[in-house]
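Remember, it's 1-based here, ligands and their atoms both numbered in the order they're listed.
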Amino acid sequence: MSLVEALREAVGADHVLVDADVRRSFETDWTGRFTGSARAVVRPASTAEVAAVVRACGAHEVAVQVQGGNTGLVGGSVPGGGEVLLSLTRLNSLGDVDRAAAQVSAGAGVTLAALTAHARAASLDVGVDLAARDSATVGGLVATNAGGVRVLRYGSMREQVVGAEAVLADGSVVSRLGGLAKDNTGYDLVSLLCGSEGTLGVITALRLRLVPLLRARSVALLALPDVATVVAALPALRERLPDLSAAELLFADGLDLVRRHAALPAPFADEHSCFLLLECAARTDPTDELVEAVAAVDGVLDATVAGDAPGQRALWAYREKHTEAISALGVPVKLDVSVPVAALAELVEELPAAVASVAAAARVVLFGHVNEGNLHVNVLDAGPAGEQVTEAVLRLVAGLGGSISSEHGVGRSKVAWLGLSRSEAELAAMRAIKRALDPHGRLNPGVVLPVPVA
Ligand code: FAD
Ligand code: MLT
Ligand code: ZN
């Protein structure tokens, strides 16, 4: 039996896509920077079908490329070439919300937006939120240990996971969906799958914790002279605002880009170089406490506070539309780094020169999640110097004690620089884990670790 016949037997002929035109949207990533050809795109509808696909690929010694919503930004969601692309979007079942435990089970293909709507219908909420919510799947969010705009309050995706079910490289199924908050029975495979980027197992379902739904929100946009002033304001803001959920950093050039892209008005009468967006969420309107806290921040040049939903959306748009506004201008070198918060001002200071030293004509657009020291470094017009730009930026970050990947993952784009954030001993341990769980290196070859995994 041929591979395609075996795949059709596993999931049904309608869900095995071999036509090149039909495969295309699965084979190119969201940035347009990474693309690769798959033998076939396969869309199973259950864990059993996923296991059958993985076994069929194993029997034919063919690698598997795992894909969720394909919103990843590091090239890890698309094939390197010749894999069977396993799309999980049909695993979209949502269990009843367990209000007693404040938990829910969800298929790996459920989008963040669908999960959030489901939780809110039960007067609960999801701790993670990000602009790709309409397409990003819970399986992808866990596989990348995504962060987003609420890490300050609820942590990254790993902190939302209380159980998982996955198909391993040999086609066996591991399942821990009971949702026990305390369960000390050996190695935490579920946590190991978080952030594994599809290289250790195919996540098919998750048990997720839910957080209280705080309907009352308030958002402020502050204009400040520089990053040092923003960083200096954080401790007092966190102390004064127990309801603080988000603290986002943006700059004048990114704001101009977004305004032009989305036809938005200027937030302030005067021009300013640096901005901090804050969101508070509570049971009762937090606007007064937010206004007081903002008034107490040293160095504020201007500020606007929105207590109404349309006003809040308008302020969030200045931040949330950065990714699409940048991509509308071309394919950027997208780097997602973190440094100790105290080193953020120095990083922002030194970045332009570091990039200019290898790509004089390049344009650097910065924004990010300031509370985590997480900066998104987008470099447009790097031309043929993309690798040199990546090298220069990631070496600068490593020199400041930072990480080459804050929330997007390593994917295919940063494999060559993993040694800047991981010691040889750590890399050896990671290779050993990979070899133990995927001895033939069939799951997402070339993602996180180079091939072969020696
Ligand atoms: P995909 O892109 O399909 O895959 C991502 C990786 O996970 C790949 O390596 C893939 O093989 C693996 N994978 C996917 N599903 C599974 C599964 N079921 N089992 C095992 N492995 C799997 N990320 C952030 O962290 N914070 C942000 O604020 C943020 N904002 C974004 C805004 C925009 C506009 C866009 C386009 C992206 C943003 N992202 C952000 C990146 C992206 O949304 C996340 O990385 C997300 O977690 C990817 O989910 P996905 O379902 O699209 O996964
Ligand atoms: C964001 O914070 O908007 C995302 O991580 C996406 C990006 O970096 O472009
Ligand atoms: Zn981000």
Side-chain angles (χ1 to χ4, degrees), residues 26 28-32 34 44 47 50 54 64-80 83 85-91 106-112 128-151 156-158 164-169 193-206 246 248-250 254 258 277 316 319-327 332 334-338 365-370 372 374-378 405-413 443-448:
F26 295 88
T28 298
D29 82 320
W30 193 93
T31 68
F34 298 95
T47 300
V50 171
V54 170
V64 172
Q65 168 62 51
V66 187
Q67 189 179 85
N70 201 15
T71 66
L73 299 170
V74 288
S77 56
V78 294
E83 300 93 329
L85 192 150
L86 181 56
S87 167
L88 281 302
T89 54
R90 290 181 66 220
L91 275 73
V110 170
T111 65
L112 178 57
V128 162
D129 189 27
L130 43 84
R133 56 185 72 82
D134 293 334
S135 305
T137 65
V138 291
L141 293 164
V142 172
T144 57
N145 188 28
V149 296
R150 290 190 176 163
V151 174
S156 295
M157 198 61 194
R158 178 179 277 116
E165 180 180 78
V167 174
L168 301 181
L193 288 168
C194 297
S196 64
E197 301 184 47
T199 61
L200 298 180
V202 184
I203 299 166
T204 53
L206 290 149
E248 298 291 308
L249 182 65
L250 47 153
V258 167
L277 184 138
W316 265 113
R319 165 62 180 84
E320 283 222 340
K321 291 190 178 297
H322 270 70
T323 307
E324 63 178 72
I326 292 164
S327 286
K334 287 187 79 67
L335 298 167
D336 154 55
V337 298
S338 55
V365 183
L366 306 175
F367 62 100
H369 314 282
V370 65
E372 295 86 55
N374 181 188
L375 197 65
H376 295 310
V377 181
N378 290 260
S405 167
S406 184
E407 59 176 7
H408 296 167
V410 176
R412 294 177 195 285
S413 66
L443 294 181
N444 279 13
V447 173
V448 180

Starting from the C-alpha separation in whole Å, work towards a yes-or-no answer on side chain to side chain contact (heavy atoms under 4.5 Å, CB included) for K334 and T323.
CA-CA 10 Å; K334 287 187 79 67; T323 307; 4.0 Å; yes
Could you go through W30 and N70, starting from their C-alpha distance and side-chain angles, then the distance that decides it, and tell me whether this counts as side chain to side chain contact (heavy atoms under 4.5 Å, CB included)?
CA-CA 7 Å; W30 193 93; N70 201 15; 5.8 Å; no
- Query: What do the steps show when you test D336 against V74 for side chain to side chain contact (heavy atoms under 4.5 Å, CB included), and what is the final call?
  - Reply: CA-CA 9 Å; D336 154 55; V74 288; over 6 Å; no
Full working for side chain to side chain contact (heavy atoms under 4.5 Å, CB included) between T111 and R133 | CA-CA 7 Å; T111 65; R133 56 185 72 82; over 6 Å; no
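Here L193 has no heavy atoms under 4.0 Å from ligand 1, in either its backbone or its side chain. At a heavy-atom distance under 4.0 Å, no atom of E320 approaches ligand 2. Contact annotation: for E324 versus ligand 1, there are no heavy atoms closer than 4.0 Å. Under 4.0 Å from ligand 1, heavy atoms of T137 appear from its side chain as well as its backbone.
The protein heavy-atom contact nearest to atom 1 (C) of ligand 2 is R319 NH2, 3.3 Å. Looking at atom 12 (C) of ligand 1, its nearest protein heavy atom turns out to be A143 CB, 3.7 Å. Nearest protein neighbour of atom 9 (O) of ligand 1, counting heavy atoms only, is G76 O, 3.0 Å. Regarding atom 38 (C) of ligand 1, its nearest protein heavy-atom neighbour is L73 CD1, 3.8 Å. Scanning the protein for heavy atoms near atom 8 (O) of ligand 2, the closest one is H408 CE1, 3.1 Å. When hydrogens are left out, the protein atom nearest atom 11 (O) of ligand 1 is V66 O, 2.6 Å; that is the closest non-hydrogen contact. Summary of contacts: the protein heavy atom closest to atom 23 (N) of ligand 1 is H408 CD2, 3.5 Å. Protein heavy atom closest to atom 25 (O) of ligand 1, with residue, atom name and distance, is G147 N, 2.9 Å. Scanning the protein heavy atoms around atom 48 (C) of ligand 1, the nearest turns out to be T71 OG1, 3.3 Å. Distance from atom 45 (O) of ligand 1 to its nearest protein heavy atom, with residue and atom name: T144 OG1, 3.6 Å.
Considering CG of L335 and OG of S413, their distance stands at 7.5 Å, rounded to 0.5 Å. Here the OG-CZ distance, from S87 to F26, works out to 5.0 Å after rounding to the nearest 0.5 Å. The OG1 atom of T47 sits 11.5 Å away from the CD1 atom of I203 when rounded to the nearest 0.5 Å.
A side chain to side chain contact (heavy atoms under 4.5 Å, CB included) with L206 holds for exactly one of V138, L141, V110, T137; it is V138. For the side chain to side chain contact (heavy atoms under 4.5 Å, CB included) criterion with F367, the lone passing option out of N378, L277, V258 is N378.
Within the listing of ligand 1, atoms 1 (P), 2 (O), 3 (O), 4 (O), 8 (C) sit less than 4.0 angstrom from a heavy atom of S77. Residue contact check: T323 has heavy atoms under 4.0 Å from atoms 3 (O), 6 (C), 7 (C), 9 (O) of ligand 2. Close approach of ligand 1 to Q65 (heavy-atom distance below 4.0 Å) involves ligand atoms 11 (O). Set against the non-hydrogen atoms of H376, the atoms of ligand 2 under 4.0 Å away are 1 (C), 2 (O), 4 (C), 5 (O), 8 (O). Close approach to F367 involves these atoms of ligand 2, each under 4.0 Å from a residue heavy atom: 1 (C), 3 (O), 7 (C), 8 (O), 9 (O). Interface of G201 with ligand 1, defined as ligand atoms under 4.0 Å from a residue heavy atom, comprises 20 (C). If you number the atoms of ligand 1 from 1 as listed, the ones under 4.0 Å from a heavy atom of A146 come out as 25 (O), 47 (O). Atoms of ligand 1 lying under 4.0 Å from any heavy atom of A108, numbered from 1 in the order shown and given with element: 18 (N). If you number the atoms of ligand 1 from 1 as listed, the ones under 4.0 Å from a heavy atom of G198 come out as 20 (C), 21 (N). The ligand atoms of ligand 2 that sit less than 4.0 angstrom from a heavy atom of L73 are 6 (C), 7 (C). Taking every non-hydrogen atom of H369 and a distance limit under 4.0 Å, the qualifying atoms of ligand 2 come out as 2 (O).
Using modelled atom types, one finds no donor on one side chain facing an acceptor on the other under 3.5 Å when comparing S77 with D29. At a cut-off of 3.5 Å, with distance as the only test, a side-chain donor of T204 or E165 sits close to an acceptor on the other residue. Side chains of H322 and E248: a donor-acceptor N/O pair is absent below 3.5 angstrom, by distance only.
You'll find the side chain of V78 reaches within 4.5 Å of the side chain of Q67, heavy atoms only. N444 has its side chain within reach of Q65: a pair of non-hydrogen atoms, C-beta onward, lies under 4.5 Å apart. Looking only at side-chain heavy atoms (C-beta outward), L443 and T199 stay at 4.5 Å or farther from each other. At least one side-chain heavy atom of V149 sits less than 4.5 Å from a side-chain heavy atom of W316. Side-chain contact check for V337 versus N374: every heavy-atom pair is 4.5 Å or farther apart. No side-chain heavy atom of L85 sits under 4.5 Å from any side-chain heavy atom of V64.
Some N or O of E407 is nearer than 3.5 Å to an N or O of ligand 2, by distance alone. Polar contact check, G69 against ligand 1: a nitrogen or oxygen pair lies under 3.5 Å apart. Taking only nitrogen or oxygen atoms, main chain and side chain alike, E197 reaches within less than 3.5 Å of ligand 1. Ligand 1 has an N or O atom lying under 3.5 Å from an N or O atom of N70, backbone or side chain. Considering backbone and side-chain atoms alike, E407 places an N or O below 3.5 Å from some N or O of ligand 1. Looking at ligand 1, you won't find any N or O of A136 less than 3.5 Å from one of its N or O atoms. In terms of polar-atom proximity, defined here as any N/O pair under 3.5 Å, A131 makes no such contact with ligand 1.
Here H376 contributes NE2 and H369 contributes NE2, and at the Zn ion (ligand 3) these two atoms make an angle of 100°, given to 10°.
For the Zn ion (ligand 3), the nearest N, O or S atom contributed by E407 is named OE2.
Looking at V138, L130, T323, V447, it is L130 that brings a heavy atom closest to atom 30 (N) of ligand 1. Distances from atom 19 (N) of ligand 1 to the heavy atoms of L443, D29, I203, V64 put I203 nearest.
R412 and E197 are not joined by a salt bridge, as no carboxylate oxygen comes within less than 4.0 angstrom of a charged side-chain nitrogen.
Around the NZ atom of K321, the shell of radius 6.0 Å holds no more than 12 heavy atoms that belong to other residues, nucleotides or ligands.
Among the atoms of D336, no N, O or S atom falls under 2.8 Å of the Zn ion (ligand 3).
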